[in-house]
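In what follows, a single structure is set out as structure tokens and then discussed.
Quick note on labels: first sequence line is chain A, next is B, and so on, each numbered from 1. Please read all numbers here as calculations on a predicted model, not as lab measurements.
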Protein chains: 4
Amino acid sequence: MQTPKRGRGRPPNTPAAIERRRTEIIEAAYEVFADKGYHAAGIADIAARLEIGHGTFYRYFDNKRDILDHVVDYGVGRVLALVVPDDLAEATTREELRAQLTTLGTRIFTEVVDRDPRLPRMILFEVTAIDAELLQRVLGLLETVGALVSPLLLNGVRRGFLRADLDVEAAARALTGCVIAGLFALVRKSMTTTERERYIDTVVSMICDNVEPKPAQSPRGRAKKSASS
Amino acid sequence: MQTPKRGRGRPPNTPAAIERRRTEIIEAAYEVFADKGYHAAGIADIAARLEIGHGTFYRYFDNKRDILDHVVDYGVGRVLALVVPDDLAEATTREELRAQLTTLGTRIFTEVVDRDPRLPRMILFEVTAIDAELLQRVLGLLETVGALVSPLLLNGVRRGFLRADLDVEAAARALTGCVIAGLFALVRKSMTTTERERYIDTVVSMICDNVEPKPAQSPRGRAKKSASS
Amino acid sequence: MQTPKRGRGRPPNTPAAIERRRTEIIEAAYEVFADKGYHAAGIADIAARLEIGHGTFYRYFDNKRDILDHVVDYGVGRVLALVVPDDLAEATTREELRAQLTTLGTRIFTEVVDRDPRLPRMILFEVTAIDAELLQRVLGLLETVGALVSPLLLNGVRRGFLRADLDVEAAARALTGCVIAGLFALVRKSMTTTERERYIDTVVSMICDNVEPKPAQSPRGRAKKSASS
Amino acid sequence: MQTPKRGRGRPPNTPAAIERRRTEIIEAAYEVFADKGYHAAGIADIAARLEIGHGTFYRYFDNKRDILDHVVDYGVGRVLALVVPDDLAEATTREELRAQLTTLGTRIFTEVVDRDPRLPRMILFEVTAIDAELLQRVLGLLETVGALVSPLLLNGVRRGFLRADLDVEAAARALTGCVIAGLFALVRKSMTTTERERYIDTVVSMICDNVEPKPAQSPRGRAKKSASS
DNA sequence: GATGAATGAGCATTCATTCAT
DNA sequence: CATGAATGAATGCTCATTCAT
């Protein structure tokens with residue numbers, strides 16, 4: 001009955017090999033958690049996927065909860081690697097910024113989501129339910145991501161192609177929210193390329209083409225803010 | 001062999017009383033789930049909170065999962081009751097819309113969140129992790145809420161105080177995302193009134209003061225929109 | 001949700017009415033136990049079948065175990081009524097006995113089993129598993145039934161158309177066993193009329209055409225027993 | 001949250017050891033079920049009897065119902081091992097058959113029952129009540145046992161020392177029934193050796209000394225059946 | 001008398017974790 | 001180091017029984 005399945009028998013001795021094993025386990029755990037959810041998944045599932053004994057798991061991680069932190073790192077790392085990278089070049093025109101943000105958005109929805117649609121669900125919904133600490137961690141992560149956008153906006157304000165009185169922090173958070181809403185939508189059901197593009201355009205425009213409120217109906221009032229800047 | 005002794009019997013006999021009891025249990029479950037999380041919570045906790053036998057729970061709900069649906073209804077109902085209500089009056093000017101949206105945002109962050117900060121966490125993070133069905137349900141709910149905003153925007157477009165080419169659907173979704181980001185921030189840590197106000201202002205402005213992009217590079221060319229407006 | 005189903009509202013006041021109610025409950029219990037088995041059946045099932053409150057059950061019977069005794073009585077009573085009755089007339093010839101036994105057997109397999117195939121399963125397999133007492137009771141019942149046959153055989157011996165040295169008790173028990181085997185077979189799967197007849201004939205013949213063993217191999221030896229009789 | 005401390009770990013690693021453990025558990029389950037009955041018995045009882053954790057039980061069997069099949073195998077195996085074995089030698093005379101059957105009967109009542117009087121009760125009354133499948137299984141088993149006798153009888157018919165028109169199938173079933181009746185009697189109360197012997201003799205004689213019905217007693221009457229039919 | 005709301009003992013089952021091999 | 005056998009805390013759920021109405 002109990003197939004006396006042989007372990008892999010690849011004994012990691014060197015520090016490097018140990019690290020490799022840890023990574024394997026994390027990846028396996030990611031897969032298992034993504035497929036079945038944290039609670040429904042068992043350590044045995046993870047071990048089975050690697051064809052290692054489940055006792056072995058505990059040689060690399062303290063407990064089930066412990067590995068989750070690493071899985072989050074792994075997942076978030078994957079996102080950031082694909083999204084954040086390079087083009088930190090400061091935009092010099094509104095259109096450059098528009099292009100930057102559009103690229104960013106496209107990447108998130110394409111690179112990330114298409115590569116593994118379970119990822120956003122995993123991070124946003126699976127992990128956040130485990131305990132307060134992980135929730136805070138993920139929320140902090142999102143905040144951090146938002147913080148990455150701030151400089152771009154600040155640069156726009158400084159260079160004058162974004163409205164001078166823009167609350168950069170708030171706008172960055174709003175932008176993050178727009179991304180989240182997009183992810184929510186994708187978790188819910190897939191979107192066509194056109195839908196994605198239009199959504200991204202709309203959001204980017206909300207940032208880039210956001211002008212100071214005109215003195216409303218009031219006839220000849222000069223824009224007050226331009227003066228103050 | 002079996003010695004089930006007691007049977008005190010405080011009997012909700014009338015349909016009304018039964019409904020009351022159901023509500024009590026739902027509220028208790030809400031509290032327990034909000035405090036300990038769905039998985040950590042036991043039926044016994046819910047029963048204990050009401051000082052009823054845990055068998056009684058099963059007279060009113062089929063099982064642990066069953067009540068969760070009702071808890072969601074209860075939670076969502078609370079939100080909607082506070083937020084959605086009346087002011088369906090169509091805005092006739094940009095400033096009216098701005099006011100409408102600002103009020104809406106303020107309500108969400110104040111009425112809802114201040115009344116029970118656990119509510120958004122419960123709905124967004126606790127419930128969504130249980131199973132695919134509930135996840136879809138919550139996401140659908142958010143979509144629905146977004147759909148409620150569309151008419152407001154569409155009205156603005158029709159009346160000419162929102163940019164003519166606005167993708168109303170996308171903008172509504174973006175707006176929803178901004179709300180979510182705000183809730184995320186509030187789940188993470190409380191915000192000062194000023195912070196909230198500034199965030200709301202920023203978001204509302206992103207919608208209301210979003211103009212059609214100028215012909216890009218073209219130097220000092222007059223904004224075409226200004227002409228059309 | 002809980003359809004507040006009204007009780008029958010037929011309040012048994014007179015002793016006769018009370019007895020009628022008891023009988024109703026016993027019959028309902030018989031049905032329920034026969035359908036679902038004693039353990040799988042609940043008091044609620046019995047009550048539901050009669051559309052009475054399940055508390056009412058306890059006004060007529062002490063507990064679940066208690067009613068089983070009555071159900072057995074009811075079931076056994078049905079059998080006996082159909083099988084045992086009248087023709088106690090003493091057979092005067094082997095053929096008369098043969099006819100008597102054949103009739104008896106036919107009745108058991110036809111009247112009883114055809115009328116309710118669940119009955120033998122109920123008595124033999126359901127009830128006997130409950131506890132030692134009921135097991136003994138059913139076994140005693142079978143013994144009793146066997147005892148009813150003894151006189152018929154004894155009569156045969158006395159009149160000389162059954163072998164003189166027949167162990168009447170043992171034969172009666174054997175005959176009972178043959179009936180039981182038949183019932184087992186019927187519980188297992190239905191039998192054609194022909195199969196039944198052949199089985200009955202075979203069994204009856206084993207009783208009626210059972211002669212004293214000849215002195216074994218010894219050729220023409222006189223039957224010793226005939227001398228002793 | 002989870003503090004599953006222990007993990008002593010006496011490890012049946014080899015397939016042989018695993019099988020041994022399985023057998024231990026089956027035996028323990030047999031004892032427990034025989035003593036308390038299936039429903040009254042708990043997995044904990046079985047585990048306690050072996051002084052193992054009750055979680056261990058589930059390493060070897062899927063669930064409570066699962067092991068019952070094995071317990072039946074175990075019980076039936078014990079019976080068959082003691083009863084069925086060897087002497088397949090074909091009888092050449094009626095007396096040899098008589099001896100064969102007598103031996104068989106004696107074995108059943110002595111070897112089997114004396115060794116563990118609970119066994120027949122277990123198989124016939126405990127197991128058959130669990131569910132339809134097990135009931136059918138046991139009944140099928142009995143049928144099979146009956147089928148083992150058929151050849152013996154058929155042989156007798158062929159050799160001419162059993163009546164030529166014997167319905168071998170029916171007779172085998174009847175014989176099985178006689179054995180069952182004997183077991184019933186033994187479950188009810190013990191029998192003296194003499195009682196057993198007389199019962200066996202009577203039954204065996206019913207088979208071996210069963211002759212074709214004479215044309216009845218009626219003096220010069222032609223065989224009435226041929227006439228009347 | 002009838003009712004059914006309430007009750008909680010009881011139990012099967014899961015699975016993270018330990019540790020002897 | 002790796003393993004997986006053993007473990008038992010923990011929990012959802014059922015249902016016979018009681019008793020206030």
Side-chain angles (χ1 to χ4, degrees), chain A residues 2 4-13 18 21 39 41-45 47 52-60 62-65, chain B residues 1-13 17-18 21 39 41-45 47 52-60 62-65, chain C residues 2 4-13 17-18 21 39 41-45 47 52-60 62-65, chain D residues 1-13 17-18 21 39-45 47 52-60 62-65:
Chain A
Q2 338 252 124
K5 194 171 297 166
R6 274 291 25 260
R8 260 296 228 354
R10 194 156 40 106
N13 276 317
I18 289 176
R21 181 78 111 180
H39 278 105
I43 297 300
D45 296 315
I52 62 174
H54 48 287
T56 307
F57 173 91
Y58 287 91
R59 301 196 62 75
Y60 293 89
D62 286 343
N63 51 46
K64 192 181 174 187
R65 170 63 175 74
Chain B
M1 196 131 292
Q2 303 117 180
T3 6
K5 276 292 130 53
R6 228 81 57 71
R8 197 139 94 297
R10 232 180 330 151
N13 247 325
I18 288 175
R21 180 76 110 181
H39 279 106
I43 298 300
D45 296 316
I52 63 175
H54 52 287
T56 305
F57 172 90
Y58 288 94
R59 291 188 55 75
Y60 294 90
D62 285 342
N63 51 48
K64 192 182 174 187
R65 171 65 173 71
Chain C
Q2 339 254 122
K5 195 173 299 168
R6 272 296 18 263
R8 269 274 238 3
R10 194 152 43 101
N13 275 318
I18 289 175
R21 181 79 108 181
H39 279 105
I43 298 299
D45 295 315
I52 63 174
H54 48 285
T56 308
F57 173 92
Y58 288 91
R59 301 196 62 77
Y60 293 89
D62 286 343
N63 50 48
K64 192 183 175 186
R65 170 62 175 76
Chain D
M1 196 130 291
Q2 302 116 181
T3 6
K5 277 292 131 51
R6 230 82 56 72
R8 197 138 97 293
R10 233 179 328 150
N13 247 324
I18 289 175
R21 181 76 110 179
H39 279 105
I43 298 300
D45 296 316
I52 63 174
H54 51 286
T56 305
F57 172 91
Y58 288 93
R59 291 189 56 75
Y60 294 90
D62 285 342
N63 51 50
K64 192 182 173 186
R65 171 62 175 74

Choose from F:dT18, E:dA2, E:dT7 the nucleotide whose nearest atom is closest to any side-chain atom of C:R21. E:dA2

Could you tell me the separation between the CZ atom of A:R59 and the CD1 atom of A:I52, rounded to the nearest 0.5 Å? 11.5 Å

Would you indicate what C:A41 reaches in the nucleic acid, counting non-hydrogen atoms under 4.0 angstrom: base, sugar-phosphate, or nothing? sugar-phosphate

Out of F:dT17, E:dA12, E:dG1, which nucleotide sits closest to the side chain of D:I43? E:dA12

Does the E:dA6 base have a donor-acceptor partner in the side chain of B:H54 within less than 3.5 Å? no

For B:Y58, enumerate each residue passing the ring-ring contact (aromatic ring centres under 6.0 Å, His included) test, keeping only those at least two apart in sequence or located in another chain. none

Heavy-atom nearest nucleotide on DNA chain E for A:H39 versus B:T56: which residue maps closer to 5'? B:T56

What is the distance, to the nearest angstrom, from the OH atom on C:Y58 to the P atom on F:dA16? 6 Å

Measure CG/C:D45 against C1'/F:dT14 and give the value in whole Å, please. 12 Å

When rounded to the nearest 0.5 angstrom, what is the spacing between CG in D:N63 and CZ in D:F57? 7.5 Å

Taking the side chain as C-beta and beyond, is there a heavy-atom pair between A:H54 and A:D45 under 4.5 Å? no

Closest to the D:R59 side chain: E:dA2, F:dA5, E:dT17? F:dA5

Just to be sure I understand the rule, does C:G55 reach a base, reach only the sugar-phosphate, or reach nothing, if contact means heavy atoms closer than 4.0 Å? base

Could you give the CG-to-P distance, from D:N63 to E:dT14, as a whole number of Å? 8 Å

What heavy-atom pair brings C:K64 and C:H39 nearest, and what distance separates the two atoms? NZ-O, 3.8 Å

To the nearest Å, give me how far apart CD1 (D:I52) and C1' (F:dG8) are. 12 Å

Pairwise distance CZ(D:R21) to OH(D:Y60) - rounded to 0.5 angstrom: 5.0 Å

To the nearest angstrom, how far is A:Y60 atom OH from E:dT17 atom P? 18 Å

Where each residue is assigned the nucleotide of DNA chain E containing its nearest heavy atom, which of D:D62 and C:F57 is assigned the position nearer the 5′ end? C:F57

Can you give me the dot-bracket string for DNA chain E, 5' to 3', counting Watson-Crick and G-U wobble pairs with both distances under 3.5 Å, using [ ] for crossing pairs and | for partners on another strand? .||||||||||||||||||||

Results of salt bridge (Lys or Arg N to Asp or Glu O under 4.0 Å) for C:R65 - residues two or more places apart only: C:D69, C:D131, C:E133

